[in-house]
Amino acid sequence: MKPTHIEHIGIAVSNLEESIAYYENVLGLECYAIEEVKDQKVKTAFFQVGDTKIELLESTDSDGPIGKFVEKKGPGMHHIAFAVDNADNALKDIEAKGIRLIDKQSRQGAEGLKIGFLHPKSTGGVLTEICSK
Ligand code: CO
């Protein structure tokens, strides 16, 4: 398994509108999509920066993973996502190397990507996502 690029960086925010305004007005990026991912109880906003996206995540439910994260740590960097050719094969390879997975099989993420998370306890504290088309 070898990632082709950083697909996106996930950032937990407490107010999507305010954060979009920051990325647009200060950094000069353009929000090209807003999408709700019901499965993960989040609303996401996307910005393209070269090959990489910024994915803002606002919780739609305080019980969801982002809601809990923001309550515990406050808004900020949440995860880094690596693009691979085949997320399921990559997850198998990674698990075979003794890394604890949150998702043993890929599931459907935003933008129709196949995604799976590695457990931060196995990755030096960085919540890591593997994704493919
Ligand atoms: Co992500």
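As the structure lists them, so they are numbered: ligands from 1, and atoms in each ligand from 1. By convention here, the first residue in the shown sequence is residue 1.
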Once the angle between the rings of F46 and Y32 is folded into 0 to 90°, is it parallel (under 30°), tilted (30 to 60°) or perpendicular (over 60°)? tilted
For the Co ion (ligand 1): the N/O/S atom of H79 at shortest distance: NE2
Below 4.0 angstrom, N of the basic side chain to O of the carboxylate: do E35 and K43 qualify? no
Do H78 and E55 pair up side chain to side chain, a donor and an acceptor below 3.5 Å, judged on atom types alone? no
Result of checking V84, T123, I130, N89 against I94 for side-chain contact (heavy atoms from CB on, under 4.5 Å): I130
Write the atom name of the N, O or S atom in H8 that is nearest the Co ion (ligand 1). NE2
The N/O/S atom of E129 lying closest to the Co ion (ligand 1) is OE1
Looking only at N, O or S atoms, which one in E55 sits nearest to the Co ion (ligand 1)? OE1
